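To keep things clear, I will list the structure first and then write my remarks on it.
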Amino acid sequence: MKTILTIFILTTAFMACSACANPGEIDADHVVISTPYGDIKILLYDDTPVHKQNFLKLADSGQLDSLLFHRVIEGFMIQGGDPNSRDADKGVQLGEGEIGEALDAEIVYPKHHHKRGAVAAARKPDKVNPEKKSSGSQFYIVQGEAFSSEDLDMIEAKRNTRLKNDYFYKIQPHYQDSLLYYQQNGMSAELMDLQLRILAKATEMAEDHGLFVIPEELRNEYMTTGGTPHLDGDYTVFGEVEEGMDVVDKIASVQTDLKSRPLDDIRMTVRVEK
């Protein structure tokens, strides 16, 4: 009987332990950002686990406390998390600092998109960051605005033109000798024909890769609730505002300098809600 009881206890303990978070992980889903304008409660997504745990650890360790919302653009977003902002003099441009290493992208589009209230990781541009890795600490909260159907069509077109151009410039060097020869010898018809063939090849490669399309349900959301759809698929969205969008709106409306930094510092304190 003792043996059976012991096995039962050990089995129960094992099952309880297996349900626990991995060692070093913080078992929580929410953080609260306190600002002079009020609190913002954020839900962190389970299917972006690297970003979720990183943000929880930053909050739990106090590393985000006293940092500024250093970039604010009304109708777009509010951004913070630059460690250089803690002691920055007024008027100093911010946005280059980060805590820790860059994070691998966890882009789950279209499930997680740049709707109003989306929380996403800032990052360096594609030219120096083609893998779209996220900043180790900088994040932004989407305020956004409503778009017309024509606006969304234009966003799709611009994104797909950029994708085609990217492929064009990738494959163009393979034809450089012929392009240069036609150009130097005034063979304009041949030059144009080759350029069109390169563009057709680039378009085919872009289509194989997958052109950017805003799904119908997202189009309806962007036309009513609003957001920033032009960022979709390029940045990791890892959470959303559950309470406090009125606070985001208040912060987004403050006066800023020409570099989009608020004239009056807006500091944050971030805590994990367990």
Side-chain angles (χ1 to χ4, degrees), residues 26 28-45 48 51-100 103 112-123 134-145 225-228 231 235-274:
I26 299 173
D29 294 315
H30 294 87
V31 296
V32 176
I33 302 176
S34 297
T35 78
Y37 295 89
D39 290 351
I40 307 168
K41 183 178 180 180
I42 292 172
L43 168 69
L44 302 173
Y45 297 144
T48 52
H51 287 70
K52 176 179 179 178
Q53 280 301 311
N54 180 69
F55 204 75
L56 286 170
K57 289 175 182 177
L58 288 172
D60 194 54
S61 63
Q63 293 183 81
L64 296 174
D65 292 349
S66 296
L67 301 189
L68 302 178
F69 278 106
H70 66 269
R71 184 170 178 243
V72 168
I73 302 175
E74 190 169 16
F76 182 29
M77 57 88 220
I78 62 174
Q79 180 174 333
D82 182 348
N84 296 334
S85 70
R86 181 173 281 111
D87 301 311
D89 293 332
K90 288 187 179 297
V92 172
Q93 186 171 6
L94 297 163
E96 295 300 319
E98 67 179 311
I99 301 169
L103 308 176
H112 301 324
H113 51 282
H114 285 77
K115 63 184 179 181
R116 174 173 163 82
V119 181
R123 67 175 181 85
S134 301
S135 166
S137 60
Q138 288 199 46
F139 67 97
Y140 58 93
I141 302 174
V142 174
Q143 184 197 32
E145 59 183 354
T225 308
T228 57
L231 299 181
Y235 295 77
T236 295
V237 177
F238 63 93
E240 64 182 75
V241 174
E242 282 198 332
E243 299 174 15
M245 272 307 298
D246 59 321
V247 178
V248 175
D249 290 334
K250 289 174 184 176
I251 294 173
S253 68
V254 303
Q255 285 189 305
T256 64
D257 61 20
L258 295 177
K259 300 171 184 176
S260 300
R261 178 175 168 178
L263 297 181
D264 295 321
D265 289 344
I266 304 173
R267 298 194 182 276
M268 67 179 78
T269 301
V270 188
R271 71 177 188 275
V272 176
E273 188 174 83
K274 298 182 180 179

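As the structure is a computational prediction, the values presented were derived from the model and not from experiment.
- Here the shortest heavy-atom pairing between Arg261 and Asp89 reads NH1-O, 2.8 Å.
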Kindly indicate, with the supporting measurements, whether the criterion ring-ring contact (aromatic ring centres under 6.0 Å, His included) is fulfilled by Tyr45 and His112. CA-CA 9 Å; Tyr45 297 144; His112 301 324; 3.9 Å; yes

Does the side-chain contact (heavy atoms from CB on, under 4.5 Å) test come out yes or no for Ile40 and Val248, once each step is laid out? CA-CA 8 Å; Ile40 307 168; Val248 175; 3.9 Å; yes

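- Inter-residue side-chain proximity for Asp29 and Lys52 is flagged as met; some heavy-atom pair is nearer than 4.5 Å.
- The shortest non-hydrogen separation linking Ile251 to Ile266 is CG2-CD1, 3.8 Å.
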Does the side-chain contact (heavy atoms from CB on, under 4.5 Å) test come out yes or no for Ile141 and Val241, once each step is laid out? CA-CA 8 Å; Ile141 302 174; Val241 174; 3.6 Å; yes

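- Gln63 is linked by a side-chain contact (heavy atoms from CB on, under 4.5 Å) to Leu58, Ser61, Ile99, counting only residues two or more places apart in sequence or in another chain.
- Here Glu273 contributes atom CD and Glu242 contributes atom CD; the two are 9.0 Å apart, rounded to the nearest 0.5 Å.
- Taking CE of Met245 as the start and NZ of Lys41 as the end, the distance is 16.0 Å to the nearest 0.5 Å.
- In this structure a side-chain-to-backbone donor-acceptor pair under 3.5 Å is present from Asp257 to Ser260.
- Remark: the backbone N or O of Pro262 is not paired with any side-chain donor or acceptor of Thr256 at under 3.5 angstrom.
- Minimum interatomic distance between Ala59 and Val272 (heavy atoms only, all atoms of both residues): CB-CG2, 3.8 Å.
- Side-chain contact check for Leu231 versus Tyr140: some heavy-atom pair is nearer than 4.5 Å.
- The distance from atom NE2 of His30 to atom CD of Glu243, rounded to the nearest 0.5 Å, is 8.0 Å.
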Determine whether His51 and Ser134 satisfy the following criterion, side chain to side chain donor-acceptor pair (under 3.5 Å), listing intermediate values before the conclusion. CA-CA 9 Å; His51 287 70; Ser134 301; 2.8 Å; yes

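- Tested against Val270, the residues Leu67, Thr35, Val32, Ile33 include a single side-chain contact (heavy atoms from CB on, under 4.5 Å) partner, Ile33.
- Residues Ile42 and Glu240 fail the side-chain proximity criterion, which asks for heavy atoms closer than 4.5 Å.
- Here the side chains of Asp249 and Arg116 are in contact, with some heavy-atom distance below 4.5 Å.
- Nearest heavy atom pair, residue Lys90 against residue Leu263, reads NZ-O, 3.4 Å.
- Gly136 and Leu103 get closest at one heavy-atom pair: CA-CG, 4.4 Å.
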Take Met268 and Ser34 through the side-chain contact (heavy atoms from CB on, under 4.5 Å) test and state the conclusion after the steps. CA-CA 6 Å; Met268 67 179 78; Ser34 297; over 6 Å; no

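- Put simply, the side chain of Thr269 does not reach to within 4.5 Å of the side chain of Ser66, judged on heavy atoms.
- At distances below 3.5 Å, at least one donor-acceptor pair connects side-chain atoms of Ser135 with backbone N or O atoms of Ser137.
- Atom CG of Leu258 and atom CD of Gln93 lie 11.0 Å apart (nearest 0.5 Å).
- Using a 4.5 Å cut-off on side-chain heavy atoms (C-beta onward), Phe55 and Val119 make no contact.
- Judged by distance alone, with hydrogens and angles left aside, the side-chain atoms of Arg267 form a donor-acceptor pair with the main-chain N or O of Arg86 at under 3.5 Å.
- In this structure the side chain of Lys57 never reaches within 4.5 angstrom of the side chain of Asp60, judged on heavy atoms.
- Nearest heavy atoms, Leu94 versus Ser85: CD1-CB, 3.5 Å.
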Expected list for residues 71-84: side-chain donor-acceptor pairs under 3.5 angstrom, two or more places apart:
from	atom 1	to	atom 2	distance (Å)
Arg71	NH1	Gln79	OE1	3.2
Gln79	NE2	Gln138	OE1	2.8
Asp82	OD1	Asn84	N	2.8
Asp82	OD1	Gly97	N	3.3
Asp82	OD2	Gly95	N	2.6
Asp82	OD2	Glu96	N	3.4
Asp82	OD2	Gly97	N	3.4

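- Two residues are said to be in side-chain contact when any heavy atoms from C-beta on lie closer than 4.5 Å; His113 and Val237 fail this criterion.
- Aromatic ring pairs are classed by plane angle as parallel below 30°, tilted from 30° to 60° and perpendicular above 60°; the pair Phe139 and Phe69 is perpendicular.
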